[in-house]
Amino acid sequence: MHPSRPIRVSAVVLIDGDGRVALVRKHHTRFFIFPGGKPELGEDGVTAAVREVHEELGVSLDPAALKHLGDYNTPAANEAGTELFSQVYQARLPAGRPVTAQAEIAELIWVKLNNVELSTATELAPLSAMILEEMARLSS
């Protein structure tokens, strides 16, 4: 049996005016992840990131304003035994824009970098935990 191919996604570290980061939980999952998702055929990472944030949160981001934080390989949170390849971008939430969980998003929370509090029924996906820890370390 050969290992499955990594799942490829674009993820956005969306930061609001108070410096909080958006985390979402999809329906029927317990892991909080950054908004984002799989690129469609022919989409590059930035295009997929902008489209997914609009679909999931109703927020229109300027592709030129996305900052590429890096590419990461981590275990997939919701698919056991599968690797995740993530192109991760950072974006500021445009001022005065409403943000609502929609599409496959069951829950949206905003967390402070040095104080991520989750209920016991939920947890951070490996990618989210790693990036938030890295950002908290850089900001202190």
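These figures come from a predicted structure and were not determined experimentally.
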**Student:** Return the set of residues passing side-chain hydrogen bond (donor to acceptor under 3.5 Å, both in side chains) with Asp16 (not counting sequence neighbours), or none when no residue passes.
**Tutor:**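 If we apply the side-chain hydrogen bond (donor to acceptor under 3.5 Å, both in side chains) test to Asp16, skipping adjacent residues, the hits are Arg20.
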
**Student:** Decide yes or no for Phe34 and Leu132: does some side-chain heavy atom of the first lie under 4.5 Å from some side-chain heavy atom of the second?
**Tutor:**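 Side chain of Phe34 against side chain of Leu132, heavy atoms only: contact under 4.5 Å found.
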
**Student:** Return yes if some donor-acceptor pair links the side-chain N/O of Ser10 with the main-chain N/O of Val46 below 3.5 Å, else return no.
**Tutor:**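 Pair absent, no side-chain N/O of Ser10 close to backbone of Val46.
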
**Student:** Hey, could you give me the OG/CG distance between Ser86 and Asn73, rounded to the nearest 0.5 Å?
**Tutor:**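 Here the interatomic distance stands at 8.0 Å.
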
**Student:** Checking Glu104 now: which residues fulfil salt bridge (charged side-chain N to carboxylate O under 4.0 Å, His left out) with it, not counting sequence neighbours?
**Tutor:** Lys26

**Student:** Would you kindly confirm whether Leu66 and Leu14 end up in one hydrophobic cluster when ILVMFWY residues are joined by side chain heavy atoms under 4.5 Å apart?
**Tutor:**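 Hydrophobic grouping puts Leu66 with Leu14.
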
**Student:** So, do Met130 and Thr74 sit near enough that their side-chain heavy atoms are less than 4.5 Å apart?
**Tutor:** yes

**Student:** Which residues pass the side-chain hydrogen bond (donor to acceptor under 3.5 Å, both in side chains) test with Glu134, sequence neighbours left out?
**Tutor:**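 Applying side-chain hydrogen bond (donor to acceptor under 3.5 Å, both in side chains) to Glu134 gives Tyr72.
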
**Student:** Got Glu107 and Ile109 here, is their nearest side-chain heavy-atom distance under 4.5 Å?
**Tutor:**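 They are in contact (side-chain heavy atoms under 4.5 Å apart), so the answer is yes.
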
**Student:** I need the minimum non-hydrogen distance between Pro39 and Ala48, along with the two atoms involved.
**Tutor:**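 Looking at all heavy atoms of both residues, the shortest contact is CA-CB, 3.7 Å.
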
**Student:** Which residues pass the side-chain hydrogen bond (donor to acceptor under 3.5 Å, both in side chains) test with Gln102, sequence neighbours left out?
**Tutor:** Thr100

**Student:** Could you give the distance from CZ (Arg25) to CG (Leu108), rounded to the nearest 0.5 Å?
**Tutor:**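 The distance works out to 11.0 Å.
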
**Student:** Considering residues at least two apart in sequence or located in another chain, which fulfil the side-chain contact (heavy atoms from CB on, under 4.5 Å) criterion with Ala136?
**Tutor:** Leu113, Asn114

**Student:** For residues 63-84, which residue pairs qualify under salt bridge (Lys or Arg N to Asp or Glu O under 4.0 Å), counting only residues two or more places apart or in two chains?
**Tutor:** none

**Student:** Give, for atom CD of Gln90 and atom CG of Leu69, the distance between the pair rounded to the nearest 0.5 Å.
**Tutor:** 5.0 Å

**Student:** Do Val88 and Phe32 belong to the same hydrophobic cluster, where Ile, Leu, Val, Met, Phe, Trp and Tyr are linked whenever their side-chain heavy atoms lie under 4.5 Å apart, directly or via other members?
**Tutor:** yes

**Student:** Can I get a per-line list of side-chain donor-acceptor pairs under 3.5 Å for residues 49-65, giving both atom names and the distance, sequence neighbours left out?
**Tutor:**
{"residue": "Arg51", "atom": "NE", "partner": "Glu43", "partner atom": "OE1", "Å": "3.2"}
{"residue": "Arg51", "atom": "NE", "partner": "Glu43", "partner atom": "OE2", "Å": "2.7"}
{"residue": "Arg51", "atom": "NH1", "partner": "Glu55", "partner atom": "OE1", "Å": "3.3"}
{"residue": "Arg51", "atom": "NH1", "partner": "Glu55", "partner atom": "OE2", "Å": "3.1"}
{"residue": "Arg51", "atom": "NH2", "partner": "Lys38", "partner atom": "O", "Å": "3.1"}
{"residue": "Arg51", "atom": "NH2", "partner": "Glu43", "partner atom": "OE1", "Å": "2.8"}
{"residue": "Glu56", "atom": "OE1", "partner": "Gly36", "partner atom": "N", "Å": "3.0"}
{"residue": "Asp62", "atom": "OD1", "partner": "Ala64", "partner atom": "N", "Å": "3.0"}

**Student:** What pairs of residues pass the ring-ring contact (aromatic ring centres under 6.0 Å, His included) test when at least one of them lies in residues 78-111, not counting sequence neighbours?
**Tutor:** His68-Tyr89

**Student:** Would you say Met135 ends up clustered with Leu127 if hydrophobic residues are merged whenever their side chains have heavy atoms under 4.5 Å apart, either directly or through other cluster members?
**Tutor:**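 Leu127 clusters together with Met135.
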
**Student:** Would Leu84 end up clustered with Ile33 when hydrophobic side chains under 4.5 Å apart are linked, directly or stepwise?
**Tutor:**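 No, no single cluster joins them.
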
**Student:** Is Leu124 linked to Val111 within one hydrophobic cluster, defined over Ile, Leu, Val, Met, Phe, Trp and Tyr using a side-chain heavy-atom separation of less than 4.5 Å?
**Tutor:** yes

**Student:** By side-chain hydrogen bond (donor to acceptor under 3.5 Å, both in side chains), which residues pair with Thr82, not counting sequence neighbours?
**Tutor:** none

**Student:** For residues 7-30, which residue pairs qualify under ring-ring contact (aromatic ring centres under 6.0 Å, His included), counting only residues two or more places apart or in two chains?
**Tutor:**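 Output for this query is empty, none listed.
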
